[in-house]
Student: 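Handing you this structure, nothing more for now.
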Amino acid sequence: MPKTRKEYTDAYRKVVEKNFRAKKILVCGIGHDEYNKISACEIAKEIWKALQIAHEGTTQVKQSNIDMLTTEYELFRMKDDESIQDMHIRLTSIINELHSLGEIIPSNKLVRKILSILPSS
C-alpha cells in the first residue's frame, strides 16, 4: 500500500532512492526492445529478474545450457581443414559462453585442452 509523504521514514526514503537509482541504471543500459519487456515492472528487482530470465532463462534452462556447453567443450576437436586461429576462436566462444553462465574453466585446464587437440604436425 503506497504511503503518503508524511508517512515516509528516513529508512524508507533511502530504500525508495536506491530503488530509483537502480531502476535508472537498468533502464539506461538497455535498448528499446528490451525496455518493452520490463516497462510494466515497478521495482528494480523485478526489472533485474525479467532481464535475467529473458537472457539466461530459468535456472533449469541455464543449467541445461551449461551442461550442453560443457559437453561441447569436452568433445571439442580441431577440424581437418581448420587453422589454429579458427580453432582457437571456436574454443574461446564456448569458453566465453560458459563464463557468462557462471561456469569458469581454470586456465591450466584450458592450456591442457588446447595442447591435447592440436595436431602433431
Side-chain angles (χ1 to χ4, degrees):
M1 183 163 207
K3 296 181 179 187
T4 63
R5 285 194 178 265
K6 293 177 184 177
E7 296 174 319
Y8 284 7
T9 63
D10 286 340
Y12 184 74
R13 286 175 203 241
K14 286 181 182 180
V15 168
V16 170
E17 185 179 324
K18 286 181 181 180
N19 182 61
F20 177 76
R21 285 183 185 172
K23 279 179 64 174
K24 188 174 180 179
I25 290 168
L26 289 168
V27 170
C28 288
I30 60 174
H32 183 69
D33 294 335
E34 294 290 318
Y35 181 78
N36 290 334
K37 294 176 186 174
I38 55 100
S39 60
C41 299
E42 294 186 21
I43 60 173
K45 188 172 183 176
E46 289 175 350
I47 294 171
W48 182 255
K49 196 71 173 166
L51 290 172
Q52 191 174 28
I53 289 172
H55 290 276
E56 293 180 0
T58 62
T59 306
Q60 292 172 332
V61 172
K62 183 178 176 181
Q63 188 57 50
S64 176
N65 285 339
I66 289 171
D67 293 342
M68 181 187 67
L69 287 165
T70 302
T71 302
E72 194 175 335
Y73 168 79
E74 290 169 353
L75 299 175
F76 188 87
R77 296 287 175 255
M78 185 172 177
K79 297 176 182 175
D80 291 335
D81 61 340
E82 188 174 40
S83 70
I84 292 175
Q85 289 84 6
D86 292 340
M87 178 269 309
H88 187 262
I89 290 169
R90 282 192 315 118
L91 184 61
T92 302
S93 175
I94 295 169
I95 293 163
N96 288 343
E97 286 184 56
L98 280 168
H99 186 72
S100 72
L101 293 170
E103 194 73 18
I104 301 183
I105 300 172
S107 58
N108 60 343
K109 193 174 177 183
L110 291 173
V111 170
R112 278 188 266 133
K113 180 68 173 178
I114 291 172
L115 291 174
S116 71
I117 61 176
L118 286 174
S120 58
S121 60

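We number each residue from 1, following the sequence as shown.
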Student: Hey, what do you get for CD1 (I89) to CG (N96), rounding to the nearest 0.5 Å?
Tutor: 11.5 Å
Student: Answer yes or no: is there a donor N or O on one side and an acceptor on the other, between the side chain of S64 and the main chain of Q60, under 3.5 Å?
Tutor: no
Student: I47 and C41: which non-hydrogen atoms are nearest, and at how many Å?
Tutor: CG1-CB, 3.5 Å
Student: Keeping K113 on the side-chain end and E74 on the backbone end, is there a donor-acceptor pair under 3.5 Å?
Tutor: yes
Student: Would a single hydrophobic cluster contain both L115 and I84, if residues Ile, Leu, Val, Met, Phe, Trp and Tyr are joined by side-chain heavy-atom contacts under 4.5 Å?
Tutor: yes
Student: With a 4.5 Å limit on heavy-atom distance, are the side chains of L91 and M78 in contact?
Tutor: no
Student: What's the separation between atom CG in L69 and atom OG in S100, rounded to the nearest 0.5 Å?
Tutor: 8.0 Å
Student: If we ignore hydrogens and angles and just use 3.5 Å, is the side chain of K23 paired with the main-chain N or O of E42 as donor and acceptor?
Tutor: yes
Student: Show the numbers, then the answer: is there a side chain to side chain contact (heavy atoms under 4.5 Å, CB included) between M87 and L118?
Tutor: CA-CA 9 Å; M87 178 269 309; L118 286 174; 3.7 Å; yes
Student: Distance check, rounded to the nearest 0.5 Å: Y73 atom OH versus E103 atom CD?
Tutor: 11.0 Å
Student: Quick one: CG on L110 to CD1 on I95, what's the gap to the nearest 0.5 Å?
Tutor: 4.0 Å
Student: Quick check: are there more than 12 heavy atoms from other residues, nucleotides or ligands sitting under 6.0 Å from CG of D10?
Tutor: no
Student: Just how far is it from atom CD1 of I117 to atom CZ of R77, taken to the nearest 0.5 Å?
Tutor: 7.5 Å
Student: Do T70 side-chain atoms and I66 backbone N/O form a donor-acceptor pair below 3.5 Å?
Tutor: yes
Student: Taking the side chain as every heavy atom from C-beta outward, state whether K14 and E17 have any pair of such atoms under 4.5 Å apart.
Tutor: no
Student: Roughly how far, to the nearest 0.5 Å, is the OH atom of Y35 from the CG atom of L51?
Tutor: 12.0 Å
Student: Taking atom CZ as the centre, does F20 end up with more than 12 heavy-atom neighbours from other residues, nucleotides or ligands that are less than 6.0 angstrom away?
Tutor: no
Student: Looking at side-chain heavy atoms only, is the closest gap between I38 and W48 below 4.5 Å?
Tutor: no
Student: For residues V111 and F76: do they belong to one hydrophobic cluster (side chain heavy atoms under 4.5 Å, members Ile, Leu, Val, Met, Phe, Trp, Tyr)?
Tutor: yes
Student: Test salt bridge (Lys or Arg N to Asp or Glu O under 4.0 Å) on K37 and E34; report intermediate values, then the result.
Tutor: CA-CA 5 Å; K37 294 176 186 174; E34 294 290 318; 3.5 Å; yes
